[in-house]
Amino acid sequence: MKRKLIAAVGVAGMVVGIAACGSGSDKGGDKAGADAKELTVWLTVDAQNNWPELVKAADDAVVKKHPGLTIKHEYYGWPDKNTKLDAVLATDKAPDVVEMGNTEMLGYMVKGAFAEVDPKQFEQSDAWLDGLKESVGYEGKTYGVPYYAGGRVGNWRKDVAAEAGVKAPPRTYTELTAALDRIQAKKGPKFSAWYQPSPDWYAAMSFVYDAGGAIAKKEGDQWKAGLSSPESLKGLNEYKKVLDSYMKADKTKDESDRYIVYGQGNAGMIFGAAWEGATAEDPKNDKTGRLKGNLQNFVMPGPSGSSLPVFLGGSDLAIPVKSRAQGLAAEWINAFTGAQGQKGLVSKGNLPNNKTDLAPLKSDPKTAVPATAAESSWFVPMAPGWGQVEKAQILKTMLQEIGTGKKSVDEAAKAADEAIDKVINTK
């Protein structure tokens with residue numbers, strides 16, 4: 001599940017004077033606001049449409065402890081939520097709990113929009129998934145609680161693989177490339193054995209992190225771009241090899257319609273969000289009439305010999321610093337994301353927010369692939385200027401230049417590093 005990062009510039013105006021108007025830095029969990037009579041919770045329509053009973057269970061648990069408390073809910077689509085949130089955070093009518101996509105958290109944390117919380121007050125916080133844990137932390141403090149996760153997996157067509165004499169999904173990167181070589185040779189130059197849009201930086205950076213590289217690293221109190229490091233270049237060169245060998249479609253297109261292209265039948269494999277394969281085989285997207293039951297997810301192996309580390313998408317819950325009921329808000333979040341809540345979310349097809357609940361999913365055939373893939377993950381640099389890096393599409397530009405051959409890998413990485421260094425430390 002990919003969430004668009006809010007550019008830091010769009011958050012600047014909303015938090016002017018926020019700290020002065022808040023209910024204090026109580027880390028979201030002491031008695032501040034515990035005697036409030038009303039709690040306002042903002043969630044996305046995912047909760048409203050898919051697990052309303054879990055919301056009600058959290059409400060009931062908190063109201064039982066605080067008789068007379070009224071809990072109000074507002075539900076938003078993803079684009080609408082942030083527009084509304086930006087506006088309301090500049091007033092004294094902020095919600096007490098708000099759902100955020102994990103890549104949306106950073107811009108708000110940098111500007112001081114969310115209250116600090118104490119992770120120890122939330123169930124299974126010591127086992128939070130790495131990618132989600134990183135998304136709620138900034139400069140050594142925690143400003144949110146992971147809600148649920150969504151991973152990325154490989155997905156291929158079993159019929160296409162069988163035509164090339166390959167029967168089992170690959171367990172190693174050598175097996176993967178050998179299978180793709182056979183598929184490419186069998187299907188010809190107009191077919192993409194692996195449909196991999198060049199600008200898809202979520203995929204490309206998985207190769208970078210697999211090789212021991214990073215987009216950027218913190219050196220002292222400053223962030224420094226790292227795409228030109230030997231390790232990062234090794235990952236980028238491997239990504240380039242994938243594009244050259246197996247991606248025969250337009251190398252300037254992004255991944256937004258990947259599942260649609262996959263459904264058109266001119267690709268043997270994709271690497272993307274776990275839902276993309278199922279969406280491609282939906283009758284309205286499957287133009288081949290053969291994809292239903294013919295697609296298979298698998299854990300992406302990496303060139304390093306381990307599973308390819310994946311970008312872990314998902315949602316977090318945060319408490320606006322202007323909330324007048326931060327203690328109650330923390331209680332509600334714990335009731336909603338605790339052990340019972342996680343069981344409910346898993347039953348709805350989500351990945352849990354923690355490694356403890358993730359472990360048994362690895363032995364269930366229905367959840368084994370995404371659960372295993374989620375164990376190895378990476379996340380964007382939690383730097384004050386990351387929003388500007390993404391807004392400027394620096395990574396996408398670099399990858400498109402690499403994919404099309406406009407620049408060599410070394411040249412493109414050097415240019416990207418220079419562009420990143422100009423903004424990554426700017427609040």
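The first residue of the sequence shown is numbered 1, and numbering continues consecutively from there.
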Who pairs with [X] by ring pair (Phe, Tyr, Trp, His ring centres under 6.0 Å), at least two apart in sequence or on another chain?
X	result
F191	none
W42	Y76
Y259	W275
W194	none

(Q) Can you confirm if the NZ or CZ of R152 lies within 45° of the ring axis of F311 and under 6.0 Å from the centre of its six-membered ring? (A)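 No, a cation-pi geometry is absent between R152 and F311.
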Looking only at non-hydrogen atoms, find the nearest pair between [X] and [Y] and report the distance.
X	Y	answer
P381	L106	O-CD2, 3.8 Å
K427	K111	C-NZ, 3.4 Å
L85	Y108	CD2-CE2, 3.9 Å
Q342	N354	CG-ND2, 3.9 Å
L291	A280	CD1-O, 3.8 Å
K251	T404	O-CG2, 4.1 Å

**Q.** Member of I71, V63, T70 meeting the side-chain contact (heavy atoms from CB on, under 4.5 Å) criterion with L39
**A.**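 So the option named by the test is I71.
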Q.
Using the rule side-chain contact (heavy atoms from CB on, under 4.5 Å), only one of V380, D421, I424 pairs with V389; which is it?
A.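 Considering V380, D421, I424, a side-chain contact (heavy atoms from CB on, under 4.5 Å) with V389 is found only for I424.
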Measuring only between side-chain heavy atoms, which start at C-beta, is [X] closer than 4.5 Å to [Y]?
X	Y	result
F336	V145	no
T372	L358	no
K322	D92	no
N266	V261	no
P119	T142	yes

How long is the gap from [atom1] on [X] to [atom2] on [Y], to the nearest 0.5 Å?
X	Y	atom1	atom2	value
K253	Y195	NZ	OH	5.0 Å
L395	Y202	CG	OH	10.0 Å
N237	D244	CG	CG	10.0 Å
T337	N353	OG1	CG	6.0 Å
Q400	T252	CD	OG1	5.5 Å

Which residues pass the side chain to side chain donor-acceptor pair (under 3.5 Å) test with [X], not counting sequence neighbours?
X	answer
Q184	none
D130	K355
K422	none
D282	K284

Using modelled atom types only, decide if a donor and an acceptor are shared between the side chain of [X] and the backbone of [Y] within a distance under 3.5 Å.
X	Y	answer
S198	G403	no
S192	K248	yes
Q196	M247	no

More than 12 heavy atoms from other groups under 6.0 Å of [atom1] on [X]:
X	atom1	result
K81	NZ	yes
K240	NZ	yes
K218	NZ	yes

Q | Any residue meeting side chain to side chain contact (heavy atoms under 4.5 Å, CB included) with S307, in chain and number order, not counting sequence neighbours | A |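 S307 satisfies side chain to side chain contact (heavy atoms under 4.5 Å, CB included) with V299 only.
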(Q) Checking P303 now: which residues fulfil side chain to side chain contact (heavy atoms under 4.5 Å, CB included) with it, not counting sequence neighbours? (A)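 Only Y173, F207, D210, E238, L308 meet the side chain to side chain contact (heavy atoms under 4.5 Å, CB included) criterion with P303.
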Q) If you look only at pairs with a residue in residues 399-427, which of them pass as a ring-ring contact (aromatic ring centres under 6.0 Å, His included), with sequence neighbours excluded? A)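 Counting only pairs at least two positions apart or across chains, no ring-ring contact (aromatic ring centres under 6.0 Å, His included) contact touches residues 399-427.
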Q) Under 3.5 Å, is there a donor-acceptor pair between the S135 and N102 side chains? A)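 No, because no side-chain N or O of S135 sits under 3.5 Å from a partner of the opposite role on N102.
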Q.
Under 4.0 Å between a side-chain nitrogen and a carboxylate oxygen: does that hold for K396 and E390?
A.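 Salt bridge absent between K396 and E390.
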Show every donor-acceptor pair shorter than 3.5 Å between a side-chain atom in residues 48-59 and any protein atom, with sequence neighbours excluded, or say none if there are none.
residue, atom, partner, partner atom, Å
N49, ND2, V45, O, 3.3
N50, ND2, D46, O, 3.2
W51, NE1, Y147, OH, 2.8
E53, OE2, K348, NZ, 2.8
K56, NZ, D60, OD2, 2.9
D59, OD1, H73, NE2, 3.1
D59, OD1, W332, NE1, 2.7
D59, OD2, H73, NE2, 2.7

